[in-house]
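Notes to accompany the following structure.
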Number of protein chains: 2
Amino acid sequence: MDADGLAAQLRANGYRATIPRMQVHAALRHAGGHLTAEQLADGLADEGVTLSSVYRTLALLEELGVARATRLGEGDASRWELAHPDEHFHVVCDECGRVTHHRGGLVALVTAHLAEDHGFAADEVDLLVRGRCAACRDTDAAVPLS
Amino acid sequence: MDADGLAAQLRANGYRATIPRMQVHAALRHAGGHLTAEQLADGLADEGVTLSSVYRTLALLEELGVARATRLGEGDASRWELAHPDEHFHVVCDECGRVTHHRGGLVALVTAHLAEDHGFAADEVDLLVRGRCAACRDTDAAVPLS
DNA sequence: TTGATTGCAAATGCTTTGCAGCCGC
DNA sequence: GCGGCTGCAAAGCATTTGCAATCAA
């Protein structure tokens with residue numbers, strides 16, 4: 001979604017199109033996702049956007065279904081991205097920290113299974129995989145610890 | 001695993017079998033999982049076990065592969081359970097808060113897919129589904145909001 | 001005995017909130 | 001102009017950590 005679209009959606013829901021809201025959205029769109037609230041605030045400090053506004057804006061964007069939070073580690077901070085229209089899941093490498101998206105019918109499969117067999121209406125499916133990516137596995141093989 | 005098994009596993013790894021460790025494990029086993037650190041500490045206050053020991057113990061049990069943490073909400077505290085030998089995922093009802101486990105070959109399917117197509121070695125798969133359970137959907141139908 | 005482990009309390013880090021002024025509508 | 005939003009600073013939680021005392025081995 002572009003800036004005008006966001007402004008329209010905000011106003012359509014009775015919210016105002018303010019600088020922090022537009023800037024946070026632009027930053028998420030530009031970065032392609034996986035930013036913490038603090039990273040967003042740091043990057044937007046020049047525009048006069050503060051951390052608390054970032055948090056408030058993220059909560060709002062989430063409520064509108066525009067953004068989405070994911071916890072990529074145990075104690076870590078939440079990381080944010082724009083909501084994708086199609087389902088996906090996150091694959092995180094514990095070694096290099098790289099995060100990739102994977103798409104697939106998997107999420108739809110889970111949803112259908114739960115609905116049919118258990119009468120459960122799934123609103124949100126969050127699939128997180130942690131492990132080691134191909135690049136890091138190669139590196140390990142080349143430079144063994146022993 | 002029973003108490004003796006845990007004591008043995010602790011000592012085999014160079015750790016001591018102390019009261020907090022045995023009690024936290026027993027509490028998790030008895031409760032069947034989904035307890036926060038604070039709930040554990042409250043229930044074990046009579047045994048003189050403090051919150052910080054609960055946290056340290058949980059971290060240790062996780063390292064040993066005996067326990068496992070899951071975040072069931074955004075800002076919520078982590079909930080803990082004993083690790084199951086077989087994979088499973090959590091289904092949380094947003095309305096009544098009930099949490100159920102579901103088993104299935106789904107996790108193995110994801111792991112295999114990532115390994116074969118992307119060379120990614122998955123260590124941990126965390127699948128969380130949120131929505132409304134059958135019971136709550138029935139209730140809603142009987143007592144419509146309008 | 002001896003060092004790992006605990007309790008206590010203070011510190012940390014992420015996130016939320018109260019309030020007075022500001023700005024989009 | 002009005003009321004929603006923001007910045008600022010302080011509070012709130014879950015979790016971690018420093019240190020002296022304690023306890024398992």
Side-chain angles (χ1 to χ4, degrees), chain A residues 3-4 6-27 34-64 66-80, chain B residues 3-4 6-27 34-64 66-80:
Chain A
D4 287 346
L6 176 66
Q9 185 173 357
L10 282 169
R11 282 190 272 261
N13 287 276
Y15 298 110
R16 295 182 181 172
T18 63
I19 290 161
R21 290 172 182 169
M22 303 308 284
Q23 293 288 345
V24 166
H25 181 260
H34 304 133
L35 293 173
T36 63
E38 192 160 21
Q39 287 174 321
L40 282 164
D42 284 350
L44 297 176
D46 293 343
E47 335 286 333
V49 177
T50 60
L51 187 55
S52 46
S53 288
V54 169
Y55 276 111
R56 283 189 275 232
T57 297
L58 288 172
L60 176 57
L61 293 182
E62 182 170 49
E63 179 194 321
L64 294 178
V66 174
R68 178 185 158 95
T70 317
R71 277 197 192 278
L72 297 179
E74 246 333 290
D76 297 350
S78 293
R79 306 193 87 90
W80 292 82
Chain B
D4 287 347
L6 177 66
Q9 185 173 358
L10 282 169
R11 283 190 272 260
N13 287 278
Y15 298 110
R16 296 182 181 174
T18 63
I19 289 161
R21 289 171 182 171
M22 303 306 285
Q23 293 289 345
V24 165
H25 181 260
H34 304 131
L35 293 173
T36 63
E38 192 161 21
Q39 288 174 320
L40 281 164
D42 284 349
L44 296 176
D46 293 343
E47 336 285 334
V49 178
T50 61
L51 186 56
S52 46
S53 289
V54 169
Y55 275 111
R56 282 189 274 231
T57 297
L58 288 172
L60 176 56
L61 293 183
E62 182 170 49
E63 180 193 320
L64 294 179
V66 174
R68 178 184 158 94
T70 316
R71 276 196 194 277
L72 296 179
E74 246 334 289
D76 296 352
S78 293
R79 308 192 86 91
W80 293 81

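Within every chain, numbering begins at 1; the chains are lettered A, B, ... in the order of the sequence lines, protein sequences first and strands thereafter.
Summarising the geometry, atom NE2 belonging to B:H25 is positioned 11.5 Å from atom CG belonging to B:L60; distances are rounded to the nearest 0.5 Å. Within the model, atoms OG of A:S78 and CD of A:E62 stand 8.5 Å from one another, a figure rounded to the nearest 0.5 Å.
Separating the CG atom of B:L60 from the P atom of D:dT17 is a distance of 15 Å, rounded to the nearest angstrom. In this structure, B:R21 places its CZ atom 11 Å from P of C:dA4, rounding to the nearest Å. Atom CZ of A:R79 and atom P of C:dC14 are 11 Å apart (whole Å). At whole-Å resolution of the value, CD in B:Q23 and P in C:dT5 are 17 Å apart. B:L51 places its CG atom 15 Å from the C1' atom of C:dA11, with the value rounded to the nearest Å.
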Please write out the pairs of protein N or O atoms and N or O atoms of nucleotides 21-25 of chain D separated by less than 3.5 Å, giving the distance to one decimal.
{"residue": "D:dA24", "atom": "N3", "partner": "B:R16", "partner atom": "NH1", "Å": "3.3"}
{"residue": "D:dA25", "atom": "OP1", "partner": "B:R11", "partner atom": "NH1", "Å": "2.6"}
{"residue": "D:dA25", "atom": "OP1", "partner": "B:A17", "partner atom": "N", "Å": "3.3"}
{"residue": "D:dA25", "atom": "OP2", "partner": "B:R11", "partner atom": "NH1", "Å": "3.3"}

Please list, for nucleotides 17-19 of chain C, all pairs of protein and nucleotide N/O atoms separated by less than 3.5 Å.
{"residue": "C:dG18", "atom": "O6", "partner": "A:R56", "partner atom": "NH1", "Å": "3.4"}

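Scanning for side-chain hydrogen bond (donor to acceptor under 3.5 Å, both in side chains) contacts around B:E63 gives B:Y15, with sequence neighbours left out. Under the side-chain contact (heavy atoms from CB on, under 4.5 Å) criterion, A:A17 pairs with A:A7, A:L10, A:R11, A:M22, not counting sequence neighbours.
Distance from the side chain of B:S53 is smallest to C:dT6 among D:dT6, C:dT6, D:dG7.
Of the candidates B:L61, B:T57, B:L58, B:V66, B:T57 is the only one forming a side chain to side chain contact (heavy atoms under 4.5 Å, CB included) with B:R21.
If you check residues 37-48 of chain A against DNA chain C, the residues with a heavy atom closer than 4.0 Å are A:E38, listed by number.
Inter-residue side-chain proximity for B:W80 and B:L35 is flagged as unmet; no heavy-atom pair is nearer than 4.5 Å. Between B:T50 and B:V54 there is no side-chain heavy-atom pair separated by less than 4.5 Å.
End-to-end axis angle of the helix from C:dT1-D:dA25 to C:dC25-D:dG1, from C1' rotation axes over five pairs per end: 40° (rounded to 10 degrees).
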Determine all donor-acceptor pairs shorter than 3.5 Å in which one atom belongs to a side chain in residues 36-45 of chain A; sequence neighbours excluded.
{"residue": "A:T36", "atom": "OG1", "partner": "A:Q39", "partner atom": "N", "Å": "3.1"}
{"residue": "A:T36", "atom": "OG1", "partner": "A:Q39", "partner atom": "OE1", "Å": "3.4"}
{"residue": "A:Q39", "atom": "OE1", "partner": "A:T36", "partner atom": "N", "Å": "2.8"}
{"residue": "A:Q39", "atom": "OE1", "partner": "A:R79", "partner atom": "NH2", "Å": "3.4"}

